[in-house]
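Atoms within each ligand, like the ligands themselves, are counted from 1 in listed order.
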Amino acid sequence: MHFLTIDDFEVDGKTILVRTDINSGVDENKEPVDNIRIKHHSKTIKELSDKGAKVVILAHQGRLNGDDFIRLEKHAELLSKHIEKDVKYIDDIFGSYAKKSIKEMEKGDIILLENVRFSVEETAVKKDHHKTHMVRELSGLFDYYVNDSFAVNHREHVSLIGFPAVLPSFAGRILQKELEVLTKLMENPQRPSVLCLGGGKVDDSIMVIEKMLSNDAVDTVLTSGLVSMVFLAANGDYIGNATHSVLVDKKADLEIKSAKKILKKYKDKIVMPIDFAIEVEGKRVEIPFSALPSDYPILDIGKKTIKLYKEIIDGAGTVVGNGPAGVFEKEQFALGTEELFHAMHESKAFAVIGGGDSSIAAEKMGLLDKMDHFSTGGGAFILYISGKSLPGVDALVNSAKKYSTLITRVS
Ligand code: 3PG
C-alpha cells in the first residue's frame, strides 16, 4: 500500500483542503464536547499552518442516517484552543461565501467550513464522486487534498473519495500513524497476540475474531461484555433471560451461529468468563459460572475472570482491546473495564485500543494517552484490523499513483 504523506510535499504557500474527523459527543445543550480526537487532529492542522500552508478544514458532525447534524461553530473554538491559533468558522461548504473566504486566505490561515453532511451529495452520491457540485466548486481552489480522517474512511463519501480523484493527495499525521501501526499489528504482531473484545457491537466483533484467527494474527481471544454472551450461548450455556433477551433484541442469531463455527475450529483460543457481576437491586453481586442461568442482568465480568485475563495480558506481546468489559457507565460495573485497561497499560505488550466506547472509558480513567496506540476509529478500526480495505485509503493510494510524478519532494 503506497500513499503519500506531508513529508512528500512542499506545503509552504499552498492552499490545502484537509478532511478531518472531529465528530464528537454532544452535551445537554447540543454542543460538542472537547475530546482527544479534536486534540490529535489539531496537530496535523497546526503542522501544515506552521509550515506556511493555507489550511481549509472539512469535517462532519452527527451520525450517518441520524437527525443530529449540528453546525461546526463550536468545533472551530475547540480547534483554536488546541492549535493556539485562530480557526475561522465559515457557515458555508461550497457556496460563494466559502469560495470567497478561501481565495482571501493568507499563509498560515486556518478556516473550518460548515458540517459537510449538511450537503446531501456528501452521503447520497454512489458513483463519480468527483463529478459532484462539491468537488467541482471547490477543487479548483486547492493545490492539495489531505485525508486525516481515519475514523470515517470506511465510508464512500464525496469528501473522501471525490477530491483525491482530481487533486494530488496525501495522508495527514493521524491517518499515517493509524495505517502504520495497525498494518504492522495485523501483519506482524509481537506474539503472543491477544485480542480483548467486549462491548455491544457483536456483529463487528465476531467478524474481527473470525478474520484475525483465520489469518493467524491472534493467539488468544479474551471475551467479555455481550461478545462473551454470544460465545456462551454458542457453547450451549444458558445465561438466563435477563441477559439473553438483549441478544434476542440485537437479533444476534447469525452471530451465535458464527460463534459456534469459531468454537468448533478454534476452541482453545477463545477464553470465556468464569464468573460474572450481576445487578441485584442496584448492587454488584458476584456469581460463579456454575450459578448460571441468572434471573438478574449480567453487567460485568467477575473478579476471578479479571485475574485470569490480567495474567494472560501480562504475558502477551501485543494486546488489542475493543469494547468495554462491562457497563462501565455504572460505577459498580466499571471494575472489569478498568482492571483490563490497567493491565494493558502495565504489561510489556504493545497495547492498542480502539472504538468509541473504549476511548470514552479509557479517557475517563486517564489511560487513553498512556496506551501505545489508541485508534481514533470505531467502525473503521474494526474493519481495518479485520483485513477489509477502506475506500478513503484506496482513494489516496490511487491518487498517489496518478500524481506521484507531480509532487515536490521535500528533501
Ligand atoms: C465515528 O464517529 O465513528 C466516525 O465519525 C464515523 O461516523 P459515522 O459512523 O456516522 O459515519
Side-chain angles (χ1 to χ4, degrees), residues 18-27 30-42 44-45 57-72 74-75 78-79 93 112-126 129 134 146-162 171-172 174-175 177-179 182 197 199-205 207-208 320-324 352-364 368 373-386 388-396:
V18 184
R19 176 61 161 105
T20 61
D21 188 339
I22 47 174
N23 190 27
S24 302
V26 291
D27 64 17
K30 297 218 163 147
E31 301 233 312
V33 282
D34 196 6
N35 63 30
I36 198 144
R37 242 191 207 182
I38 298 181
K39 187 171 147 191
H40 279 240
H41 272 293
S42 298
T44 300
I45 299 161
I57 309 163
L58 205 51
H60 73 276
Q61 170 68 48
R63 306 303 313 177
L64 199 60
N65 305 323
D67 54 0
D68 56 351
F69 298 166
I70 56 170
R71 294 181 174 277
L72 300 188
K74 183 79 187 178
H75 295 74
L78 294 171
L79 285 167
I93 307 170
L112 171 64
L113 297 176
E114 188 52 284
N115 187 344
V116 70
R117 287 193 178 171
F118 282 154
S119 163
V120 177
E121 278 187 337
E122 166 68 354
T123 55
V125 169
K126 300 291 175 232
H129 297 80
M134 191 193 308
V146 173
N147 180 346
D148 205 25
S149 54
F150 174 73
V152 75
N153 263 253
H154 54 314
R155 307 282 183 211
E156 280 184 76
H157 290 171
V158 172
S159 63
L160 296 152
I161 313 294
I174 287 190
L175 185 65
K177 184 168 180 232
E178 293 268 18
L179 296 177
L182 301 181
L197 290 185
K201 291 189 181 159
V202 289
D203 46 351
D204 284 345
S205 299
M207 181 181 71
V208 176
V320 179
N322 190 67
V352 177
I353 63 162
D357 287 341
S358 303
S359 303
I360 292 169
E363 197 172 13
K364 206 169 155 185
L368 193 56
H373 180 69
F374 93 89
S375 177
T376 50
F381 170 70
I382 286 283
L383 286 170
Y384 194 69
I385 62 169
S386 63
K388 296 248 161 62
S389 67
L390 303 179
V393 176
D394 292 346
L396 269 193

Has Asn115 got a side-chain atom pairing as donor or acceptor with Ile70's backbone, closer than 3.5 angstrom? yes
Salt bridge (Lys or Arg N to Asp or Glu O under 4.0 Å) partner of Asp21, the single match among Arg117, Arg37, Arg155: Arg37
Does ligand 1 have any N/O pairs with the protein under 3.5 Å, and how far apart?
| from | atom 1 | to | atom 2 | distance (Å) |
| --- | --- | --- | --- | --- |
| ligand 1 | 2 (O) | Asn23 | ND2 | 3.1 |
| ligand 1 | 2 (O) | Arg37 | NH1 | 3.3 |
| ligand 1 | 2 (O) | Arg37 | NH2 | 3.3 |
| ligand 1 | 2 (O) | Arg63 | NH1 | 3.4 |
| ligand 1 | 5 (O) | Asp21 | OD1 | 3.1 |
| ligand 1 | 5 (O) | Asp21 | OD2 | 2.6 |
| ligand 1 | 5 (O) | Asn23 | ND2 | 3.2 |
| ligand 1 | 5 (O) | His60 | NE2 | 3.0 |
| ligand 1 | 9 (O) | Arg63 | NH2 | 2.8 |
| ligand 1 | 9 (O) | Arg155 | NH2 | 2.7 |
| ligand 1 | 10 (O) | Leu64 | N | 3.0 |
| ligand 1 | 10 (O) | Arg117 | NH1 | 3.0 |
| ligand 1 | 11 (O) | Arg117 | NH2 | 2.9 |
| ligand 1 | 11 (O) | Arg155 | NE | 2.7 |
| ligand 1 | 11 (O) | Arg155 | NH2 | 3.3 |

Between Glu122 and His60, is any side-chain donor less than 3.5 angstrom from a side-chain acceptor? no
Ignoring hydrogens and angles, state whether a donor on the side chain of Ser159 or Arg19 is under 3.5 Å from an acceptor on the partner side chain. yes
Just so I know, are the side chains of Leu368 and Ile353 near enough to count as touching, which here means a heavy-atom distance under 4.5 Å? yes
With sequence neighbours left out, the residues meeting side chain to side chain donor-acceptor pair (under 3.5 Å) with Ser119 are none
